[in-house]
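Here the structure comes first, spelled out in structure tokens, and everything after it is commentary.
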2 protein chains.
Amino acid sequence: MENQDIKKAGLKITLPRVKILTLLEKHGGHLSAEDVYKILLEEGEEIGLATVYRVLTQFEAAGLVVRQNFEGGQSVFEIDSGDHHDHLVCLKCGKVEEFLDTTIEKRQEAIARKLGFTIKDHALVIYGYCDKPECNQD
Amino acid sequence: MENQDIKKAGLKITLPRVKILTLLEKHGGHLSAEDVYKILLEEGEEIGLATVYRVLTQFEAAGLVVRQNFEGGQSVFEIDSGDHHDHLVCLKCGKVEEFLDTTIEKRQEAIARKLGFTIKDHALVIYGYCDKPECNQD
DNA sequence: GATGATAATGAGAAATCTTCTCATTATCAT
DNA sequence: ATGATAATGAGAAGATTTCTCATTATCATC
């Protein structure tokens, strides 16, 4: 029940928050603030774009969603399912694949340790072309 | 001689281009377009911000510089020394460390192959706190 | 060295994404 | 039901980057 998640985050349960969280859960994928805004509009919900940004930022701070800053464009958000993963993004069609590689994760920690850093977060995005015929090559 | 690099890129040798390339080489680190603009102003060069953006983009396309999109803020540029590397960024003081890990690089290729992607580029940034006393913790 | 086709520049406008402001409205503990 | 407080919506504003276009500079050719 997403209402409990919102409450646990110290936020009041409001229609915009419930709708946005439900939408992200239902969709599953990676949505930008504007995507969320437009889908809500299509569903007949009159929720302001500023509210969408505000709520997504609050959800991020609360650990309910994760923000990804893919290059060139807007941030995208996805439900924080708890299992960290990195991303592969197709530069042609925009398809996003997720992956997790424990070897890479461990190497990162070793590197940070060696250089005296305490890891707070990390972003690994591989950009390329996926295997669809219209995306292949060049 | 940086003039030859500019010429090889199919660009005319102009004062803004020479100044910007020289500045990046001299500085060595990671500079935003605005950093470059301000430093040039301090040096008495009247080069417009639009020109700085334009030239940096051209240099990137020509492979002379590399653009990094660290989270939250402006892109930064550095001379493309040829040796690819990834970055560690301190969230407190902004210090940037570079590293290269062949294990990670190889794993990325394996992952892309498995998922049917042709790698074009990738971005790995580790965010954390460096070992300076004022940056440590929280 | 002068000439001219073409490319580059500078300044400000504009585009894009995101945050802020503030008056109005909704939530929720009592 | 009431009231303190938080949340919302709309538009303005901020931040970064790109675009437009008139003016100027570059460089191959003469």
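Worth knowing before you read on, the calculation uses all heavy atoms, side chains too, and leaves out hydrogens, waters and symmetry mates. Chain A is the first sequence line, chain B the second, and so forth, proteins listed ahead of strands; every chain is numbered from 1.
- Heavy atoms of B/Ser32 sit nowhere under 4.0 angstrom from any nucleic acid atom.
- Pair assignment for C/dA2 gives D/dT29, based on Watson-Crick or G-U wobble hydrogen-bonding distances that are each under 3.5 Å.
- Picking from D/dG9, C/dT9, D/dT8 the nucleotide with the shortest atom distance to the side chain of A/Ile47 gives D/dG9.
- Nearest to the side-chain atoms of A/Glu34 among the listed nucleotides C/dC17, D/dA7, D/dG9 stands C/dC17.
- Hydrophobic clustering of Ile, Leu, Val, Met, Phe, Trp and Tyr side chains at less than 4.5 Å, counting indirect connections, unites A/Phe99 with B/Ile126.
- Rounding to the nearest 0.5 Å places CG of A/Leu15 at 11.5 Å from CD of A/Glu46.
- To the nearest angstrom, C1' of D/dT8 lies 15 Å from CD1 of A/Ile6.
- In this structure C/dA15 sits in a base pair with D/dT16, meeting the Watson-Crick or G-U test at under 3.5 Å.
- Residue whose closest nucleotide on DNA chain D sits further toward the 5' end, between A/Gly48 and B/Leu49: A/Gly48.
- C/dT27: Watson-Crick or G-U partner is D/dA4, with both key distances under 3.5 Å.
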For nucleotides 21-30 of chain D, give me one character per nucleotide, 5' to 3': B if any protein heavy atom sits under 4.0 Å from the base, S if the only such contacts are to the sugar-phosphate, - if neither. -----BS---
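- One hydrophobic cluster holds both B/Tyr53 and B/Val65 under the rule that ILVMFWY side chains link at heavy-atom gaps under 4.5 Å.
- Remark: the B/Arg54 side chain and the B/Thr57 side chain contain no N/O donor-acceptor pair separated by less than 3.5 Å.
- Taking atom OH on B/Tyr37 and atom C1' on C/dA11, their separation rounds to 10 Å, with Å as the unit.
- Rounded to an integer number of Å, the gap from CZ of B/Phe59 to P of C/dA8 is 11 Å.
- Summarising the geometry, the separation between OH on B/Tyr53 and P on C/dG12 is reported as 17 Å, rounded to the nearest angstrom.
- The side chain of A/Ser75 contributes an N or O atom lying less than 4.0 Å from OP1 or OP2 of C/dT18.
- In the set D/dT17, C/dG12, D/dA10, the nucleotide with an atom closest to the side chain of A/Ala50 is D/dA10.
- Taking the side chain of B/Pro16 as heavy atoms from C-beta on, and the options D/dT16, C/dT9, D/dG9, the nearest nucleotide is C/dT9.
- As a whole-Å value, the separation of B/Glu71 CD from D/dT16 P is 15 Å.
- In this structure, a donor-acceptor pair under 3.5 Å is present between the side chains of A/Gln108 and A/His122.
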